[in-house]
Amino acid sequence: MKNINFLAFAMPAFFLFLFLEYKLAQRRKKPEIFNYESSVSNISIGIAERLINLFVAASFYQLYYLIYDDYRIFEIPSNALVWFALILATDFVWYWYHRLGHEVNFFWAAHIVHHHSEEFNFTAAARITTFQAIIRTGFWCILPFIGFHPSMVITMLIVHGAYSFFTHTQLIGKIKWLEYVFVTPSVHGVHHASDEKYLDKNYGDMFTFWDRLFGTFQTEEEKPKYGLTHPLKSYSFLWQHFHYYFEIYELWKRSSGFKARWNAVFGSPADMDQDIRPILEKRFLQDKAAPNQRLRFKNYLYIQLGICTLILTVFTYYFDYLESYDKIFVLSLVIITLINCGALLEQRKWIYYLEYTRLAMISTYFLYEEDLIAFFFVPIAVMIFAEQLFSLSRIYQNTILQLESAE
């Protein structure tokens with residue numbers, strides 16, 4: 001039992017709390033808290049981050065131990081006072097990581113994904129990318145460098161992450177007396193707001209006194225408008241991950257001289273040329289003739305997300321026992337499925353070919369498992385024959401891509 005990876009139960013726990021939040025929102029007659037497309041997009045990004053982190057988390061932990069064993073400054077013991085100091089140090093490092101994530105283009109490119117969502121609920125907490133996880137790991141290396149044991153650091157990061165999850169909800173109102181010390185959903189909701197008075201405020205994850213100390217605290221006054229000041233016009237899984245890197249590159253190309261190009265990468269997001277994103281969206285995204293339409297066949301998306309969640313749970317549980325080719329297969333299959341979900345929300349007709357890609361991957365994998373890889377061409381031939389005989393692409397588009405009014 002000691003080898004059970006308890007992180008396997010993170011996704012089921014997430015969906016349990018999400019279900020409870022959804023039901024409570026219905027009971028309180030607040031359906032506007034949830035949006036179908038945004039929730040699907042949020043969950044997709046969360047699944048991808050959990051999946052990819054399985055491959056890199058071990059490297060993070062090894063890095064902590066390497067720094068602690070070879071470079072630590074102090075020999076810090078483990079006692080109640082040290083644990084209290086560690087939780088303060090963890091949130092202090094988070095504050096500066098988080099603040100720089102809003103003030104430096106390169107860091108904002110990784111963090112902006114967390115702020116895309118125009119809804120504020122538990123699904124928004126899932127909008128963390130692996131790029132963001134890697135960057136903040138670099139900041140948290142300070143803790144073992146000071147002398148906190150890696151096992152303590154890893155435990156505290158889990159506690160820290162769990163706490164921040166519960167600050168992403170609108171169902172808990174202002175608790176003014178608590179906000180003098182702790183970050184509450186109201187305090188963190190201000191951080192997710194696009195209103196001018198709320199911009200670049202409330203960077204703390206557990207405690208508010210860092211924001212009060214450094215002049216970045218803002219209490220909630222008017223109800224926040226969540227999301228970006230310039231909302232993203234896409235639910236594409238890939239575009240949401242990479243659009244700001246494209247924007248940085250475009251600004252870098254437009255700049256002349258070392259200083260200007262340096263600022264393109266490490267300058268402030270506030271100085272980003274605001275005409276860049278619309279140009280890139282016109283170049284890479286399709287224009288929606290009917291923006292108030294959405295997919296009628298929503299269950300197809302739910303099924304795909306459900307399967308991805310189940311695969312992620314089982315995959316995490318047995319991760320240490322799987323062969324490399326098993327891991328690559330699962331990673332590829334889930335990522336393609338998540339891209340498919342984003343393409344469905346975008347009503348992209350080319351997703352039909354992604355469906356064939358998945359079928360080809362699955363059939364090839366099982367043929368390999370049964371030592372029949374020499375027959376990999378058989379399922380491909382069957383798919384080609386079925387397409388020619390039944391015009392499956394037309395049936396698929398007429399069934400899966402049916403639209404209805406979003407109003």
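Note that this is a predicted model, so its numbers are computed, not measured.
- Atoms CG and OG1, from Leu199 and Thr229 in turn, are 6.5 Å apart once rounded to the nearest 0.5 Å.
- Applying the ring-ring contact (aromatic ring centres under 6.0 Å, His included) test to Phe148 and every residue at least two apart in sequence or in another chain returns nothing.
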Problem - Steps toward salt bridge (charged side-chain N to carboxylate O under 4.0 Å, His left out) verdict (Arg99, Glu103) - result: CA-CA 6 Å; Arg99 182 168 176 173; Glu103 295 179 349; 2.9 Å; yes
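- Checked against the 6.0 Å centroid criterion, the rings of Phe209 and Phe182 do not qualify as a close aromatic pair.
- Counting non-hydrogen atoms of other residues, nucleotides and ligands closer than 6.0 Å to CH2 of Trp262 gives a total of 12 or fewer.
- Across all their heavy atoms, His243 and Gln240 have their closest contact at CD2-O, 3.5 Å.
- Ring orientation note: the planes of Tyr97 and Trp140 are tilted relative to one another, at an angle of 30° to 60°.
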Handout entry: Worked check of side-chain hydrogen bond (donor to acceptor under 3.5 Å, both in side chains) between Tyr22 and Asn121
Key = CA-CA 9 Å; Tyr22 179 72; Asn121 53 44; over 6 Å; no
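- Ring-centre distance between Phe131 and Tyr245: below the 6.0 Å cut-off.
- Taking a cutoff of 4.0 Å between a charged side-chain nitrogen and a carboxylate oxygen, Lys201 and Asp211 do not qualify as a salt bridge.
- The aromatic rings of His98 and His191 sit perpendicular, their planes meeting at an angle over 60°, well past the 30° parallel limit.
- Ring geometry for Trp108 against His115 counts as tilted: the plane angle lies between 30° and 60°, on a 0 to 90° scale.
- Counted by atom type alone, Glu179 and Thr184 present one or more donor-acceptor pairs between their side chains at under 3.5 Å.
- In the displayed structure, Tyr249 atom OH is contacted under 6.0 Å by at most 12 heavy atoms of other residues, nucleotides or ligands.
- Screening residues 366-381 for side-chain hydrogen bond (donor to acceptor under 3.5 Å, both in side chains) gives Tyr325-Glu369 as the qualifying pairs, with residues at least two apart or on separate chains.
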Practice task
Verify side-chain hydrogen bond (donor to acceptor under 3.5 Å, both in side chains) between His116 and Arg127, making sure each step is shown before the conclusion.
Solution key: CA-CA 8 Å; His116 286 156; Arg127 291 190 71 94; 3.0 Å; yes
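- Residues satisfying the ring-ring contact (aromatic ring centres under 6.0 Å, His included) test with Phe145, not counting sequence neighbours, are none.
- Shown here is Lys259, whose NZ atom has no more than 12 heavy atoms of other residues, nucleotides or ligands within 6.0 Å.
- A donor-acceptor pair shorter than 3.5 Å cannot be found between the side chains of Ser41 and Glu37.
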Exercise for the section: Take Phe284 and Trp239 through the side-chain contact (heavy atoms from CB on, under 4.5 Å) test and state the conclusion after the steps. Expected result: CA-CA 9 Å; Phe284 292 108; Trp239 186 247; 3.7 Å; yes
Problem - From CA spacing to verdict: side-chain hydrogen bond (donor to acceptor under 3.5 Å, both in side chains), Ser186, Glu220 - result: CA-CA 6 Å; Ser186 172; Glu220 181 183 343; 2.6 Å; yes
Exercise for the section: Could you check Arg277 against Glu250 for salt bridge (charged side-chain N to carboxylate O under 4.0 Å, His left out), going step by step and ending with a plain yes or no? Expected result: CA-CA 9 Å; Arg277 187 180 301 167; Glu250 185 69 22; over 6 Å; no
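- Listed by first then second residue, pairs satisfying side-chain hydrogen bond (donor to acceptor under 3.5 Å, both in side chains) with a partner in residues 153-169 read Glu21-Thr169, Asp91-His160, His114-His168, His160-Asp205, His168-His188, His168-His192, not counting sequence neighbours.
- Shown here for Ile135 and Ala110, the closest heavy-atom pair between the two residues is CD1-CB, 3.6 Å.
- Side-chain atoms of Thr219 and Lys174 form a donor-acceptor pair, as typed in the model, at a separation below 3.5 Å.
- Partners of His241 according to the ring-ring contact (aromatic ring centres under 6.0 Å, His included) rule, which considers only residues two or more places apart in sequence or in another chain, are Phe237.
- No hydrogens or angles considered: nothing links the side chains of Gln170 and Arg28 as a donor-acceptor pair under 3.5 Å.
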Exercise for the section: Please test Asn35 against Glu118 for side-chain hydrogen bond (donor to acceptor under 3.5 Å, both in side chains), starting from the C-alpha separation and ending with a verdict. Expected result: CA-CA 9 Å; Asn35 171 271; Glu118 295 179 26; over 6 Å; no
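- To the nearest 0.5 Å, the span separating CD1 on Ile384 from OH on Tyr356 amounts to 8.5 Å.
- Under the ring-ring contact (aromatic ring centres under 6.0 Å, His included) criterion, Phe15 pairs with no residue at all, not counting sequence neighbours.
- Between the side chains of Ser44 and Tyr235, no donor-acceptor pair is found at a separation under 3.5 Å.
- Atom CD of Glu196 has 12 or fewer neighbouring heavy atoms from other residues, nucleotides or ligands inside a 6.0 Å radius.
- Geometric assessment of Arg72 against the ring of Tyr68 yields a positive cation-pi assignment under the 6.0 Å and 45° thresholds.
- A cation-pi geometry, defined here as NZ or CZ lying under 6.0 Å from the six-membered ring centre and within 45° of its normal, holds between Lys327 and Phe319.
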